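A short worksheet on the structure shown next.
Since the model is a prediction, treat every value here as computed from it, not as a measurement.
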Amino acid sequence: MDGIHDLGGKQGYGPIDIDDDGTPFHHEWEGREWGIAQCARTPGITIDWWRHCRELILPIDYLGRPYFDSWAQTDFSTYIEAGWMSLDEVDAGKSLADPPASGGPPPAMTLQQVLEEDRAHAHRYDAEIEALPDYSVGQQIRTVKLGHVGHTRLPQYARGRLGTIHAYHGAHVFPDLSAKGEETYQPLYSVMFEAAELWPEAQYSKDKVYLDLWESYLMEPRA
Amino acid sequence: MPDFNAKKVAEIHQHLHSHLPSESALRVKALETLLVDKGLVNPQTIDAWIEAYTEEIGPKRGARVVAKAWCDADFKHRLLQDAPAAIDELDYLGKATAHLKVVENTEQVHNLVVCTLCSCYPFSILGIAPAWYKAAAYRSRAVRDPRGVLAEFGVDIDADVEIRVWDSTAELRYLVLPQRPAGTENMSEDELAGLVTRNSMIGTDRDLSKA
């Protein structure tokens with residue numbers, strides 16, 4: 001979707017607030033939300049669906065609220081959409097289910113168990129597929145010109161542009177369909193774009209931008 | 001099970017916009033209260049995750065990886081060829097690093113990492129991303145004005161050095177391998193790790209000799 005989240009190359013956001021004291025969480029609630037996001041599990045939710053639900057946050061909230069706040073709102077929306085909680089319950093601030101919770105909360109995990117869990121979060125998103133990749137390293141491609149209404153990982157700034165295949169990563173889960181609950185795989189490439197191909201003011205630049213792009217985002221350069 | 005109904009989610013966000021408490025802390029509290037009430041999360045497990053990413057998992061891990069690569073050419077080779085396997089040797093493989101790629105700075109090349117579409121970050125070796133990495137200013141400008149961005153971080157890149165910006169659009173995650181500073185030949189791996197800044201592993205720092 002052409003949403004507020006697609007920020008690459010957009011202008012007017014001003015200088016970067018580079019101050020950072022190196023602490024992971026600056027407010028207690030940020031840590032709470034981080035922890036909630038790590039231990040909350042809803043069957044059937046994919047990372048791409050979760051990302052799409054975050055993209056669907058109202059632009060004023062997406063830009064105007066702190067980062068981990070948007071995670072909390074995304075969690076609310078995914079739970080509610082999947083029927084695990086209701087808007088009435090959000091408004092009431094408590095479970096209205098009768099009987100309330102089944103079996104109580106899951107058992108508490110220790111630090112050691114959580115560290116093992118983090119290790120288990122090293123999810124792989126690639127798989128063997130029979131089809132051979134259409135493009136080879138060094139080949140020139142053009143990205144497709146248009147996006148679509150759903151989730152996609154081809155940013156606006158890189159659409160309809162000429163690039164060069166830099167590397168092949170094998171077949172990875174295709175996010176546009178994974179965000180609809182469909183697990184399919186496509187060849188994934190690292191694609192190099194000259195800055196001059198992307199930005200009018202970069203005509204004489206030697207800098208480069210690399211994106212990881214799925215095969216259906218790409219076409220023959222003259223197509 | 002989710003219905004993957006984006007229209008419904010947009011309506012939910014509209015409702016939440018006006019019905020949730022006005023402060024972030026209260027909104028997160030409301031979420032935790034409801035999840036605990038429903039038996040979906042255990043607050044002590046949340047505590048453990050906070051402790052894990054405050055005390056155990058953070059940029060010190062990335063710094064160890066960099067220092068080891070500086071000292072051990074074979075490890076560096078493995079790191080550049082297959083980063084997940086290499087960091088697994090140090091038991092650092094974990095959240096968001098199963099498809100890690102390491103990109104190496106040289107005299108001629110400077111690498112910079114961003115996620116323009118969300119805020120993808122290699123959690124298990126760098127921990128929680130700094131606020132600026134997740135902010136609209138950095139996400140919008142890193143791909144378009146990398147030299148201007150770096151200047152704001154106090155990093156001036158010579159005109160003849162090529163900047164490579166890595167936009168994390170898939171499940172690959174990027175770690176910059178900064179250059180080893182001159183004059184550190186006699187330093188131990190531990191001492192070298194102390195020179196490596198978090199920003200240098202994202203690419204918003206370059207010259208580590210000034211530390």
(request) Tell me, out of A:Phe68, A:Trp71, A:Tyr125, A:Phe25, who's got the most heavy-atom pairs with chain B below 4.5 Å. (result) A:Tyr125
(message) Just so I understand: if I count every heavy-atom pair under 4.5 Å between each of A:Leu188, A:Asp126, A:Thr110 and chain B, which residue has the most?
(response) A:Asp126
(request) Return the option, out of A:Leu87, A:Ile80, A:Leu115, with the maximum number of heavy-atom pairs under 4.5 Å with chain B. (result) A:Leu87
(message) Please classify the contact of B:Val114 with chain A as side chain, backbone, both or neither, using a heavy-atom distance under 4.5 Å.
(response) neither
(message) What verdict does the salt bridge (charged side-chain N to carboxylate O under 4.0 Å, His left out) test give for B:Glu171 and A:Arg51, after you've listed the backbone C-alpha separation in whole Å, the side-chain angles of each residue and the deciding distance to 0.1 Å?
(response) CA-CA 12 Å; B:Glu171 296 302 340; A:Arg51 285 195 186 116; 3.0 Å; yes
(message) As an exercise: rank B:Lys95, B:His110, B:Arg141, B:Arg147 by heavy-atom pairs under 4.5 Å with chain A and give me the winner.
(response) B:Lys95
(request) Compute the centroid of each ring, for B:His99 and then for A:His169, and state whether the two points are separated by less than 6.0 Å. (result) no
(request) Identify which part of A:Pro175 has an atom lying under 4.5 Å from any heavy atom of chain B, answering side chain, backbone, both or neither. (result) neither
(request) Answer with side chain, backbone, both or neither: which region of B:Thr33 has an atom nearer than 4.5 Å to a non-hydrogen atom of chain A? (result) side chain
(request) Count the heavy-atom pairs under 4.5 Å between each of B:His17, B:Glu51, B:Gln44 and chain A, then report the option with the highest count. (result) B:His17
(request) Compare all side-chain heavy atoms of B:Tyr133 with those of A:Tyr67 and state whether any distance is below 4.5 angstrom. (result) no
(message) Within residues 75-93 of chain B, which residues come under 4.5 Å of chain A, heavy atom to heavy atom?
(response) B:Asp88, B:Asp91, B:Leu93
(request) Heavy-atom distances under 4.5 Å only: say whether B:Leu100 touches chain A with side chain, backbone, both or neither. (result) neither
(request) Quick one: which of A:Gly93, A:Ala179, A:Pro155 has the most heavy-atom pairs under 4.5 Å with chain B, could you say? (result) A:Pro155
(message) Counting only non-hydrogen atoms closer than 4.5 Å, does B:Ala30 touch chain A with its backbone (N, CA, C, O), its side chain (CB onward), both, or neither?
(response) both
(request) Identify which part of A:Phe193 has an atom lying under 4.5 Å from any heavy atom of chain B, answering side chain, backbone, both or neither. (result) neither
(request) Look at B:Asp167, B:Ile50, B:Leu31, B:Val9 and state which one has the largest set of heavy-atom pairs under 4.5 Å with chain A. (result) B:Leu31
(message) Between B:Arg27 and A:Arg65, is there a side-chain heavy-atom distance shorter than 4.5 Å?
(response) yes
(request) Output the residues of residues 195-212 of chain A for which the shortest heavy-atom distance to chain B is under 4.5 Å, in residue-number order; output 'none' if no such residue exists. (result) A:Trp199, A:Pro200, A:Glu201, A:Lys206, A:Asp207, A:Lys208, A:Val209, A:Tyr210, A:Leu211, A:Asp212
(request) Let me know if B:Tyr174 has heavy atoms under 4.5 Å from chain A in its side chain, its backbone, both or neither. (result) side chain
(message) So for B:Leu20, is it side chain, backbone, both, or neither that comes closer than 4.5 Å to the heavy atoms of chain A?
(response) side chain
(request) Take the angle between the ring planes of A:Tyr168 and A:Tyr189 and call it parallel below 30°, perpendicular above 60°, tilted in between. (result) tilted
(request) Would you mind telling me which of B:Thr54, B:Asp47, B:Thr45, B:Leu26 has the largest number of heavy-atom pairs within less than 4.5 Å of chain A? (result) B:Thr45
(request) Tell me, for B:Pro146 versus chain A, whether the close heavy atoms (under 4.5 Å) come from the side chain, the backbone, both or neither. (result) side chain
(request) On the 0 to 90° scale, with breaks at 30° and 60°, tag the B:Tyr121-B:Phe123 ring pair as parallel, tilted or perpendicular. (result) perpendicular
(request) Sort B:Lys101 into side chain, backbone, both or neither according to what part of it lies under 4.5 angstrom from a heavy atom of chain A. (result) side chain
(request) Give me the ring orientation class for A:His121 and A:His123: parallel if the planes are under 30° apart, tilted from 30 to 60°, perpendicular past 60°. (result) parallel
(message) I'd like to know whether A:Met85 forms a side-chain contact (heavy atoms from CB on, under 4.5 Å) with B:Leu35, so could you lay out the CA-CA distance, the side-chain angles of the two residues, the decisive distance to 0.1 Å, and finally the verdict.
(response) CA-CA 9 Å; A:Met85 62 173 70; B:Leu35 289 173; 3.6 Å; yes
(message) Out of A:Asp6, A:Asp91, A:Asp17, return the one with the most heavy atom pairs under 4.5 angstrom to chain B.
(response) A:Asp91
